[in-house]
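Here the structure comes first, spelled out in structure tokens, and everything after it is commentary.
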Number of protein chains: 2
Amino acid sequence: MRITAKVDYAIRAGAELAAAPRETPVKGEDLARAQQIPLRFLENILRELRHAGIVRAQRGADGGYQLARAAKEISLADIIRAVEGPLAAVQGVRPEAVRADGAAQDLPEVWIALRASLRAVLEAVTLADLAGGRLPPVVRRLLATPGVREPH
Amino acid sequence: MRITAKVDYAIRAGAELAAAPRETPVKGEDLARAQQIPLRFLENILRELRHAGIVRAQRGADGGYQLARAAKEISLADIIRAVEGPLAAVQGVRPEAVRADGAAQDLPEVWIALRASLRAVLEAVTLADLAGGRLPPVVRRLLATPGVREPH
DNA sequence: CTATTCTTTACCATTCCGATCGAGAAAGTC
DNA sequence: GACTTTCTCGATCGGAATGGTAAAGAATAG
């Protein structure tokens, strides 16, 4: 259940792009500096985002990267799937494909529910939300529950 | 966002223990066979569960493993923390310790909300639920949402 | 044609993961 | 006390994934 550097970087770069004016491309170097991401690594990530149709790139002077569609149409789930694949996987297998027997028969159902709860957050939050500093109601509700900030 | 083999194994072994009568210890080999887990690997996992106070072990003939407390007092979150540490971590750091600036300022809040939604499921489901085949309301509600089983 | 900036493929060093091994130490049995 | 069973612990290992680097190439604009 850990969020990798790659996903973290991809989302932060996306947020940065969402904050920039839509017409002018942002250079990879500027993105890297703004979010403190190793440039070479970031370029790989941006390429994957481009292949997934999330980002557009332009070469040459005055080149750079920009979002391929409106920031509010790009969810964090989209980004995670682009750079890492499925949101939740048990031993690399999609939850609904997992078989179990004996006392753990219902465990796959739990994994499916877990994925649903991940989706509820990650599909709801868009790059526009991040850039605009206004998180959606689902998130605000979750943040309002007592003890959310407890390390546990 | 993947569930490791270790976590999967630990929970399945826990469920198996929960299904067994409370007084008689279950041998590692039986657990391994019942849930198709490599024995040597399982032993390592059971050791960690014991160190966390979730499982008790007894050596010798008629020895084996048993739950250290009632199955309904052991949540999946307990087990995951025992074998893997914190439920959610960004690049190995706890969500509330993450700092971000620029356009991604609110990202840590999203991570915290994400952890909260993980907790809602993983703290709710106990080994007794798994062994008894009756999942708690939170989970049933999530499973009832449309499209939960879509691979996406 | 030249400077700039993205593109692509390949590569590398660590770390983590899943799994195995072997010696040993309790617990009970004869 | 010898013996069997079963857990205990530390070490180790191959392979994959992670995080990051390098370098040659291709598009774009001036």
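Only this structure's heavy atoms are used, side chains among them; waters, hydrogens and symmetry mates stay out. Below, chain A is the first sequence line, B the second, and so on; all start at residue 1. Computed from a predicted model, the values in this text were never measured in an experiment.
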Let me confirm one number: the [atom1]-[atom2] distance from [X] to [Y], rounded to the nearest 0.5 Å.
{"X": "A/T4", "Y": "A/R2", "atom1": "OG1", "atom2": "CZ", "value": "7.0 Å"}
{"X": "A/L114", "Y": "A/M1", "atom1": "CG", "atom2": "CE", "value": "5.5 Å"}
{"X": "B/K27", "Y": "B/E29", "atom1": "NZ", "atom2": "CD", "value": "9.0 Å"}
{"X": "A/I80", "Y": "A/D8", "atom1": "CD1", "atom2": "CG", "value": "10.0 Å"}
{"X": "A/I37", "Y": "A/R12", "atom1": "CD1", "atom2": "CZ", "value": "5.0 Å"}

Exercise. Which ring pair (Phe, Tyr, Trp, His ring centres under 6.0 Å) pairs, counting each pair once, include a residue from residues 4-25 of chain A, with sequence neighbours left out?
Worked result: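 Sorted pair list: A/Y9-A/F41.
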Exercise. Contacts to DNA chain C from residues 20-36 of chain B, heavy-atom cutoff under 4.0 Å, which residues?
Worked result: none
Exercise. Atom CG of B/L39 to atom C1' of C/dG18: distance rounded to whole Å?
Worked result: 14 Å
Exercise. Side-chain heavy atoms under 4.5 angstrom apart, residues restricted to Ile, Leu, Val, Met, Phe, Trp, Tyr: same cluster for A/V138 and B/V121?
Worked result: no
Please tabulate, for side-chain N and O atoms in residues 125-134 of chain A, each donor-acceptor pair with protein atoms closer than 3.5 Å (sequence neighbours left out).
from: A/T126; atom 1: OG1; to: A/A128; atom 2: N; distance (Å): 3.3
from: A/T126; atom 1: OG1; to: A/D129; atom 2: N; distance (Å): 3.2
from: A/T126; atom 1: OG1; to: A/D129; atom 2: OD2; distance (Å): 3.2
from: A/D129; atom 1: OD2; to: A/T126; atom 2: N; distance (Å): 2.9

Problem set entry | Heavy-atom donor-acceptor pair, B/R56 side chain to B/P25 backbone, under 3.5 Å | no
Exercise. Is the backbone of B/I74 close enough, under 3.5 Å, to the side chain of B/R69 for a donor and an acceptor to pair up by distance?
Worked result: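 Here the side-chain-to-backbone pair does not exist.
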Exercise. Which of residues 55-65 of chain B have a heavy atom under 4.0 Å from DNA chain D?
Worked result: B/A57, B/Q58, B/R59, B/G60, B/A61, B/G64, B/Y65
Exercise. Which atoms form the tightest heavy-atom contact between B/R50 and B/A57, and what is the distance?
Worked result: CD-CB, 3.7 Å
For this session: Indicate the atoms forming the closest heavy-atom contact of A/Q66 with A/Q58, along with that distance.
Result: NE2-OE1, 4.5 Å
Just the atom pairs and distances: protein N or O near nucleotides 8-17 of chain C's N or O, under 3.5 Å.
from: C/dT8; atom 1: OP2; to: A/R50; atom 2: NH2; distance (Å): 2.6

Exercise. If you walk 5' to 3' along DNA chain D, what is the first nucleotide with an atom under 4.0 Å of a heavy atom in chain A, and what is the last?
Worked result: D/dG19 to D/dA29
